[in-house]
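Taking it in order: structure first as structure tokens, then the write-up.
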Amino acid sequence: MQRFFFIATIIFYLPTFAQTSPQLFQVTTAATAPGQTVLIRGEGIDQIATIEIGRLADERVDNTSPRYVPLPEADHLPDQKGSKISPGERMIAVDKVQQNEKSVKVIIPDNFRQGVYSVRLTDNSGNISGFYVNVPIVNWVISDDGYNAAAAGDVLRIQGKNLFRNGMNGQVVLANGGKAIRLKIDSVYDDYSVRVTIPAAIPQGTYQLYYHNGSGGKTAWSMPLSVHIVAKEMWKTQAYNVKTYGAKGDGSQDDTEAFKKALDAARDGGIVRVPAGNYILSDGLVIPAGVMIKGQRGAVLNFTPVAVSALITGTDHFGLTDLAIQATRAFGIIMNTGQGHVVLERLVVQQDIGDALADLDSKWAKTGIQLKGPGIRVRDCVFKSAGMFSFVGVSGFIQRCRFEKTGGSVKTYMNIHPQGLIFEDCYKQTNGFGYGATIQESYDLYEARNVTPFNYINDREVMTLDGGSGGYYGKVSSASGNSIALATDGKTFQWAANKWIGGGLFIIDGKGAGQFRRIVSHTVDRIELDEPFLVVPDASSVISITTIREHLYFVNNTAMDAGAYQLYGSAQNCVIAGLKMQRSAGIIGKGSYVNYGRQPNWYIDIVDCQLSDGTYTPQLDQKDKFRGDQQINIIGSGCPGLNIGSLVRGNVLTGKSYIRVSPGGELNDVQDAIIESNKVSGAKNGLAIYGVGGVVNNLFIHDNQFGTMDIFKALRAEGYQVR
């Protein structure tokens, strides 16, 4: 399904000029402190003559209308009449670091205070452009009543970057028809997630949501995001007690028919109540739409071996709460066949497959818990399952759950394909976590504060984006507006008209490299994009058509005795932050040529992580064949331009853990990476850089501590700069 964006941009006091060089399309969006580096990426960057930086004053914004300054937008001046520059931290010229046609880096002055910074660029012709650093970015919001939607009285989760500043009070404005509703933040989870409560009396309609983190004054608001205030989803409350229909719950009588009768009676919607007891069931249950099965404490559904694809199924809009579910020789446990809106709360599921491992493995994709679609709510559950957990194309919540693998399968245990998903505060004692790699891209994931205590099976990956492919690789024949014509000599793989709707077109080399857009339709030789490129590709441009996986945020998770956290191809604007990892394979950010797809890994933040006890060893009698030292590894392999703009900042690595840049053999595999403010101790060499010639391009190594390693003697100057 095509992903649509409803974004309104409001710009105040910003005179415009004709688009000329330079043109900006990407800047660092991670939280940036004084003395830290900002990457500016675009075209014609070598034409920038001077760069100035100033700090915005922290003005009160309680009674001002939100004003948004684009981030970045080359055809607008920095704000001149809105926010004030802080006294003593006025615009000052700064050094241009590693300036070239495609990029430049600047360092926020050390003597500034933390805050929002205005960056002003003046080119050789006197044209001025600019942007802000540390302004909040709202990527998406979600409530129990929808993705980018909420009902009156809902708790609304706001997801993005730069949402929290110590000592500052964040606030939200919902604007509609000239009216503005102001909301204070209820609570803060971290810099990437906060929550507010929607007023009980708010009218339904479409609102523009603006966010301010308390720093930077009148124009330091987020870009507005369209949020739909909708009618609250209501479940019918008429109750149907299974004992009324003949169930005993005595652990000996077969209560299957009584349950089916109760479900049939509730087929138009309602609650099927299950009092405390041990209910023997010999067949699968089908839950009608609009029906919730609610147990009481002590209610157990005990399934005997049954020949069904799943013990409990439904199309959509159904749920189970407050139940224990026990099953022997069952492969499928709970599945929905329709589109979403499934509620699982306070369940304890125990599955025992006995000696049926081979049969289980042969049916792997249809085992365990299989949910898909929007409106998924899985909370406070315990799952002890031999089968798979699959959440495909889901939006919603998975919270405070315990996932424990039983049985001996070495298959990947959990498949997650998010499209607006909060997955938090869970315990995952399992093996192998794959994240969706379909053409219908994964996006908008916040996975936080989860614990993976060990993962010994297969490749042991705690998180991986393996999979996906590519449709086209080659040159552009012509470009005009939203339309791109492909060259006739490009390489294709299973290429057919409209197969890649929802996928991405990436410029990986030549003019405009570092930009991507989503595909809305295409023939075999012409692509229609969701919006034009800021820098239009030409005959020098090399493009790749592959998957997009954007805004996947992994925050404050813990992994021990496991494999890697790896953004493995086709990840854009993703974050791994605050990860605590021990005796594992470390963190990988890899752009790669996989399954006929050149898959870019662009603009990734790996920040504030702690890697300790750095020796990673394979486990006996398992397929895991890898060993080595724990590392943060930045890779581009298989094609120029597959790793651009990676940020490795503020990480602490001890034991034998270290930082590594290991590209393939192609020119410009890794470009514009920043390795900054990291502390490494206990490793023989705190930083290792591989590749020859121009394989690594414009790597900036700044303000790190590498233990006893003399970084200036250990590294050659070619392709990077050390400060």
Side-chain angles (χ1 to χ4, degrees), residues 4-8 10 61-66 68 136-164 168-214 221-235 237 317 319 340-343 345 374-380 394-400 418-425 444-446 448 551 553:
F4 294 93
F5 294 83
F6 303 91
I7 297 176
I10 299 177
V61 296
D62 296 14
N63 298 311
T64 62
S65 298
Y68 164 67
I137 298 170
V138 176
N139 298 130
W140 57 289
V141 301
I142 195 167
S143 73
D144 277 0
D145 287 291
Y147 168 74
N148 286 343
D154 271 353
V155 169
L156 182 68
R157 291 287 290 269
I158 299 174
Q159 308 297 129
K161 282 186 175 182
N162 298 318
L163 301 183
F164 173 65
M168 300 296 182
N169 296 316
Q171 66 173 282
V172 170
V173 167
L174 293 173
N176 175 282
K179 297 180 180 179
I181 300 172
R182 295 181 180 272
L183 308 175
K184 294 294 185 182
I185 303 303
D186 291 346
S187 58
V188 173
Y189 296 89
D190 46 55
D191 200 33
Y192 308 92
S193 182
V194 301
R195 56 177 272 180
V196 297
T197 300
I198 301 299
I202 190 171
Q204 294 180 29
T206 299
Y207 292 74
Q208 300 303 315
L209 183 148
Y210 296 83
Y211 187 91
H212 199 287
N213 64 21
W221 292 80
S222 67
M223 181 178 184
L225 176 76
S226 290
V227 177
H228 307 287
I229 302 300
V230 298
K232 190 164 189 64
E233 182 181 35
M234 302 299 293
W235 295 73
T237 58
H317 291 86
H341 303 280
V342 177
V343 178
E345 294 181 344
I376 301 298
R377 304 204 298 268
V378 183
R379 291 174 170 142
D380 303 296
V394 295
S395 66
F397 300 86
I398 303 173
Q399 298 170 303
R400 302 177 301 276
Q419 295 184 336
L421 177 67
I422 290 178
F423 191 154
E424 62 187 2
D425 301 307
D444 294 351
L445 170 71
Y446 172 76
H551 303 146
Y553 290 1

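For reference, positions follow the sequence shown, starting with 1. Computed from heavy atoms alone, side chains included, the values below leave out hydrogens, waters and symmetry copies.
Between Leu156 and Ile142, the closest heavy-atom pair is CD1-O, 3.6 Å. Across His341 and Trp235, no two heavy atoms sit closer than the pair O-CH2, 4.4 Å. Shortest non-hydrogen contact noted between Ala231 and Ala151 is C-CB, 4.2 Å. Of all the heavy atoms in Val61 and Arg182, the pair that sits closest is O-NH1, 3.4 Å. Between Tyr211 and Pro136 the shortest heavy-atom distance is O-CG, 3.3 Å. Shortest non-hydrogen contact noted between Ile185 and Gly170 is CG1-O, 3.2 Å.
At least one side-chain heavy atom of Arg379 sits under 4.5 Å from a side-chain heavy atom of Phe397.
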Practice item. Would you sort out whether Arg400 and Asp425 count as a salt bridge (charged side-chain N to carboxylate O under 4.0 Å, His left out), showing the intermediate values? Key: CA-CA 5 Å; Arg400 302 177 301 276; Asp425 301 307; 5.6 Å; no

Review point. Are Val172 and Leu209 close enough, and set up right, to give a side chain to side chain contact (heavy atoms under 4.5 Å, CB included), and what steps lead you there?
Key: CA-CA 7 Å; Val172 170; Leu209 183 148; 3.8 Å; yes

**Study point:** From CA spacing to verdict: side chain to side chain contact (heavy atoms under 4.5 Å, CB included), Gln159, Ile422
**Key:** CA-CA 9 Å; Gln159 308 297 129; Ile422 290 178; 3.6 Å; yes

Exercise for review: Evaluate the side chain to side chain contact (heavy atoms under 4.5 Å, CB included) criterion for residues Gln208 and Tyr210: first the C-alpha distance (whole Å), next the side-chain angles of each, then the deciding distance (0.1 Å), finally the verdict.
Suggested key: CA-CA 7 Å; Gln208 300 303 315; Tyr210 296 83; 3.9 Å; yes

Please tabulate, for side-chain N and O atoms in residues 194-205, each donor-acceptor pair with protein atoms closer than 3.5 Å (sequence neighbours left out).
from: Thr197; atom 1: OG1; to: Asp186; atom 2: OD2; distance (Å): 2.4

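A side-chain hydrogen bond (donor to acceptor under 3.5 Å, both in side chains) with Asn139 is found for one member of Tyr553, Tyr446, Tyr192 and no other, namely Tyr553.
Using modelled atom types, one side-chain atom of Asn148 and one backbone atom of Val141 make a donor-acceptor pair closer than 3.5 Å. A distance-only check finds no donor-acceptor pair linking the side chain of Asp444 to the backbone of Pro418 [under 3.5 Å].
Between the CH2 atom of Trp140 and the CD1 atom of Ile158 there is a distance of 11.5 Å, given to the nearest 0.5 Å. Atom-to-atom distance recorded for Ile229:CD1 and Tyr207:OH is 6.5 Å, nearest 0.5 angstrom. Here the CG atom belonging to Leu421 is positioned 5.0 Å from the CD1 atom belonging to Ile398, to the nearest 0.5 angstrom. For the atom pair CG (Asn213) and CD (Gln171), the distance works out to 10.5 Å, reported to the nearest 0.5 Å.
Residues passing the side chain to side chain donor-acceptor pair (under 3.5 Å) test with Arg377: none are found, sequence neighbours excluded. Qualifying side chain to side chain donor-acceptor pair (under 3.5 Å) partners for Glu424, counting only residues two or more places apart in sequence or in other chains: Arg157, Gln399, Arg449. For Asp191, the side chain to side chain donor-acceptor pair (under 3.5 Å) criterion is met by Arg165, not counting sequence neighbours. The side chain to side chain donor-acceptor pair (under 3.5 Å) test applied to Asp154 returns Ser143, Lys232, not counting sequence neighbours.
Residue pairs that meet the ring-ring contact (aromatic ring centres under 6.0 Å, His included) test with at least one member in residues 172-191, sequence neighbours left out, do not exist here.
In the displayed structure, Lys184 atom NZ is contacted under 6.0 Å by more than 12 heavy atoms of other residues, nucleotides or ligands.
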